[in-house]
Peer 1: 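Starting off with a structure, shown below.
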Amino acid sequence: MYPETAKVDTVDVYFGTEVPDPYRWLENDTSAATAAWVEAQNKVTNDYLSKIPFRDALLKRLTDVANYEKIGTPFKKHGKYYFYKNDGLQNQSVLYVQDSLDGEPRVFLDPNKLSDDGTVALTGIYFSNNGKYTGYTIARSGSDWQEIYVMDTETGKLLDDHIEWAKFTGATWQGDGFYYSAYDAPVKGKEFSNVNENHKIYYHKMGTPQSQDKLVYQNQAYPKRFYTASVNEDETILFLYESGDGRGNALYMKDLRKPNAPFVAMATDMDYTYAPIEVIGDKIYMFTNYNAPKYRLMTADINKPALKDWTELVPESENVLSDAGVIGEKLFLTYDKDAANHAYVYGLDGKEIQEIKLPSLGSVGFSGDKDDKECFFGFTSFTIPGATYKYDMDANTYELFRAPKVDFNSDEFITEQVFYPSKDGTKIPMFLTYKKDLKKDGKNPVYLYGYGGFNISLNPGFSTSRIPFLQNGGIYAQVNLRGGGEYGEDWHIAGTKMQKQNVFDDFIAAAEYLINDKYTNKDKIAIVGGSNGGLLVGACMTQRPDLFRVAIPQVGVMDMLRYHKFTIGWNWASDYGTSEDSKEMFEYLKGYSPLHNLKPGTKYPATMVITADHDDRVVPAHSFKFAATLQECNDGTNPTIIRIESKAGHGAGKPMTKVLEEQADTYAFIMYNMGMKFE
């Protein structure tokens, strides 16, 4: 039996329509009543999961396959090589340094020593341009709040400098100090739920307390916008980014060569992305989708930086330009073709030199500096764990530098890409990974995963957590829904605001395609997604409860009428719109909001809602209210439980122990409810 959830008679009125919110009290994340509810729900959930006969064996297998050495792509700073490494099951990866590529690595920074339980994560590393200092940002218990510390690069000694209540920021150096973005300290007890307002940019001079930091920029006219700074390596320009009001950002610059120079507007339309990737001499290389939905490269002049004076360097192409950087005085461009990466080298004059033929359909990330003669890239696919290659620019050849040893024989598996029509006929791509001997008999279990929002592309990638599921006959299906960035800004916009239903239609059509093509049947499909993908799962399970056997909405946005009232929720309005915009927008949101579309007496899929107590991105109240309503409405025998993690947030920086526990619970719940055996 589920815990009894008390009801209150709260009713909101939107444009004359009354909308009850009986579980409003669960929004108070610090009350004793909410804490008692969380404890009671977790007891039910833990009891249920403990009765799954193979749950412990699955955790052991997941732990075994995750226990391999993971080494990141090396990057070079001030003549030394740095790389992240995890021995296998360390909660957080450790940063190492070596004097040469064949030199002896030594520990530079070990985040595992920052807490007893691995819940403090290293979120960024920032070297001063003179090499003297290393700044680093940490997050506690998965929160978005960050603290900045600084150490002496040479000795590793931690210095007294310490910044608190920073958020959505790095540490960008100029001389013996750095710029960062922060909020005023929040009200005690409301650190993880109150709306964040008045983001400010400060400059911190080394050796001084935070209270003396110089306020560099704030804009009181727009308290909810984000403001961040960056400085180029030569410290000639300070860039200022303003975002939070459209799908992109505004960009300003200050010439650091001139004393007291003002900020000058480069681009002020926040519906486009404007990202400087490098400054060489007086030339600024810009990555942008301004009048180019699939992105292009442009150049600006420091002395005439306004958008009207920019010139095109690499024009928009039929594929999406998804990444760009300058390494060894050449442009390294990554394009997405049907959601898989393709890599090219261009001259600084914008002319193509060569394509780098990648090992297979997958994802690539380059590492190197504008003055480096060496270049590395990391590559991964659904069947290839992340490996690092050393690339020779002159010969256009690469050699394997490091590859992990994983207990997984990729030769036994295959990835195919299929294209299927959505409800309105739009062709949607989907990657399917499964054992080569799979039979299309309509009986295979499917783990169907999607996101579909905020211009985020789902490229191929490897995860050990899928291995036991795949080895036991499962199919991993990853869908490239509208709302993402796979085909550029037009594809993104086609899944936003009054077109958001396209995203759900695309996902539902994926399940129908897999059934019609005899991969599976409706009793063998689990749908999974996190954050905006949690909204996706919630919307699809309420619209088509008959189509899925299992639903796992993770840290999802479930209350579409009130999402903008918490932390940075207002920032998602560019994708969603809000219930305050207009009567039409309110009605559209209410039409798919997962919380508001649960109907009493409906048989819903076996559902495990997943959230965490320190999630200050998508506050846990979304999941709390959804789970309580689902338990009230569900008719039938399918379990509807909620798993609430403690000392964890939206997902970033989660320690390995918590990751493995969550994966074991998720896959055990899915496999058990689809009648799978674990061998």
Side-chain angles (χ1 to χ4, degrees), residues 66-143 146-163 166 169-173 178 180 206 230 233 325 327 365-369 372 374-378 380 385-390 401-404 651-659:
N67 191 8
Y68 69 94
E69 189 178 70
K70 304 160 194 74
I71 303 184
T73 309
F75 56 97
K76 199 174 174 183
K77 285 288 170 193
H78 308 114
K80 291 183 165 60
Y81 295 89
Y82 294 83
F83 62 90
Y84 288 95
K85 185 178 102 169
N86 191 311
D87 290 343
L89 297 174
Q90 286 175 288
N91 276 320
Q92 305 287 345
S93 294
V94 179
L95 183 59
Y96 288 83
V97 60
Q98 54 193 136
D99 297 328
S100 62
L101 278 181
D102 50 8
E104 188 61 37
R106 55 191 185 275
V107 172
F108 184 69
L109 183 57
D110 183 355
N112 296 294
K113 297 199 166 140
L114 302 176
S115 65
D116 296 335
D117 56 3
T119 56
V120 171
L122 179 64
T123 52
I125 192 104
Y126 306 93
F127 296 92
S128 64
N129 296 310
N130 59 18
K132 209 162 136 185
Y133 304 110
T134 303
Y136 62 90
T137 49
I138 64 152
R140 300 181 190 276
S141 300
S143 165
Q146 297 198 98
E147 293 169 52
I148 306 173
Y149 289 90
V150 185
M151 59 193 220
D152 181 302
T153 307
E154 193 54 45
T155 64
K157 179 178 180 291
L158 188 64
L159 304 172
D160 292 337
D161 304 77
H162 178 212
I163 306 296
T169 184
T172 187
W173 289 88
F178 57 85
Y180 67 92
M206 290 300 296
S230 75
E233 213 174 329
I327 303 172
F366 290 94
S367 163
D369 227 319
D372 281 352
E374 290 162 321
C375 169
F376 297 90
F377 66 84
T380 181
T388 302
Y389 296 84
K390 192 171 180 214
F401 181 65
R402 286 183 184 132
K654 193 179 285 186
M656 184 63 101
T657 46
K658 285 186 186 291
V659 169

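Just so you know, these numbers come straight off a predicted model, no measurement behind them.
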Peer 1: Check the pair I327 / D369 against side chain to side chain contact (heavy atoms under 4.5 Å, CB included), numbers first and verdict last.
Peer 2: CA-CA 5 Å; I327 303 172; D369 227 319; over 6 Å; no
Peer 1: T73 side chain to F376 main-chain N or O, any donor-acceptor pair under 3.5 Å?
Peer 2: no
Peer 1: Mark yes or no for whether T153, through its side chain, and K132, through its backbone, hold a donor-acceptor pair below 3.5 Å.
Peer 2: yes
Peer 1: Atom CZ of F83 and atom CG of L101: how far apart are they, to the nearest 0.5 Å?
Peer 2: 10.0 Å
Peer 1: Just how far is it from atom CZ of F108 to atom CD1 of I125, taken to the nearest 0.5 Å?
Peer 2: 5.5 Å
Peer 1: What is the distance from atom CD of Q90 to atom CE of M656, rounded to the nearest 0.5 Å?
Peer 2: 9.0 Å
Peer 1: Quick one, Y149 and L159 - any side-chain contact, counting heavy atoms below 4.5 Å?
Peer 2: no
Peer 1: Ignoring hydrogens and angles, tell me if any N or O in the side chain of K70 forms a donor-acceptor pair with the backbone of Y68 under 3.5 Å.
Peer 2: yes
Peer 1: Taking the six-membered ring where the residue is Trp, are the ring centres of Y126 and W173 under 6.0 Å apart?
Peer 2: no
Peer 1: Heavy atoms only: give me the nearest T119-P655 pair and the separation to one decimal.
Peer 2: CG2-CG, 4.0 Å
Peer 1: Evaluate the ring pair (Phe, Tyr, Trp, His ring centres under 6.0 Å) criterion for residues F377 and F366: first the C-alpha distance (whole Å), next the side-chain angles of each, then the deciding distance (0.1 Å), finally the verdict.
Peer 2: CA-CA 4 Å; F377 66 84; F366 290 94; 5.5 Å; yes
Peer 1: Quick one: list whatever passes side-chain hydrogen bond (donor to acceptor under 3.5 Å, both in side chains) with N91, sequence neighbours left out.
Peer 2: T657
Peer 1: Could I get the full list of side chain to side chain contact (heavy atoms under 4.5 Å, CB included) partners for T172, not counting sequence neighbours?
Peer 2: Y179, A229, S230, V231
Peer 1: Which residues pass the side chain to side chain contact (heavy atoms under 4.5 Å, CB included) test with K80, not counting sequence neighbours?
Peer 2: Y82, V97, D99, R106
Peer 1: Quick check: closest heavy atoms across S367 and P74, and the distance to 0.1 Å?
Peer 2: OG-O, 2.6 Å
Peer 1: Is the closest side-chain donor-acceptor distance between Y81 and E374 under 3.5 Å?
Peer 2: yes
Peer 1: What's the spacing between M151 CE and T134 OG1 if we round to 0.5 Å?
Peer 2: 5.0 Å
Peer 1: For A166 and I148, which heavy atoms make the closest approach, and how far apart are they?
Peer 2: CB-CD1, 4.4 Å
Peer 1: Rounded to the nearest 0.5 Å, what separates atom CZ in F178 from atom OG1 in T169?
Peer 2: 9.0 Å
Peer 1: Looking at CZ of R402 and NZ of K390, how far apart are the two atoms once the value is rounded to the nearest 0.5 Å?
Peer 2: 11.5 Å
Peer 1: Please report the C-alpha distance between D117 and K658 in whole Å, then the side-chain angles of each, then the deciding distance to 0.1 Å, and finally whether the salt bridge (Lys or Arg N to Asp or Glu O under 4.0 Å) criterion is met.
Peer 2: CA-CA 10 Å; D117 56 3; K658 285 186 186 291; over 6 Å; no
Peer 1: What I want to check is whether the side chains of Y96 and Q98 have a donor and an acceptor closer together than 3.5 Å.
Peer 2: no
Peer 1: Can you sort out the partners of H78 under ring-ring contact (aromatic ring centres under 6.0 Å, His included), two or more places apart, ordered by chain and number?
Peer 2: none
Peer 1: If we count only N and O atoms by modelled type, under 3.5 Å, do the side chains of T123 and T137 hold a donor and an acceptor together?
Peer 2: yes
Peer 1: Just jot down the salt bridge (charged side-chain N to carboxylate O under 4.0 Å, His left out) partners of E233, sequence neighbours excluded, or say none.
Peer 2: none
Peer 1: Please give me the minimum heavy-atom distance between P385 and P404, naming the atom from each residue.
Peer 2: CB-CG, 3.8 Å
Peer 1: For the side chain of D152 and the backbone of T155, is there at least one donor-acceptor N/O pair under 3.5 Å apart?
Peer 2: yes
Peer 1: After noting the C-alpha distance and the side-chain angles of L158 and Y136, does the key distance pass the side chain to side chain contact (heavy atoms under 4.5 Å, CB included) rule?
Peer 2: CA-CA 11 Å; L158 188 64; Y136 62 90; 3.4 Å; yes
Peer 1: Do the side chains of L122 and L109 get nearer than 4.5 Å, heavy atoms only?
Peer 2: yes
Peer 1: Quick one: list whatever passes side-chain hydrogen bond (donor to acceptor under 3.5 Å, both in side chains) with D110, sequence neighbours left out.
Peer 2: N112
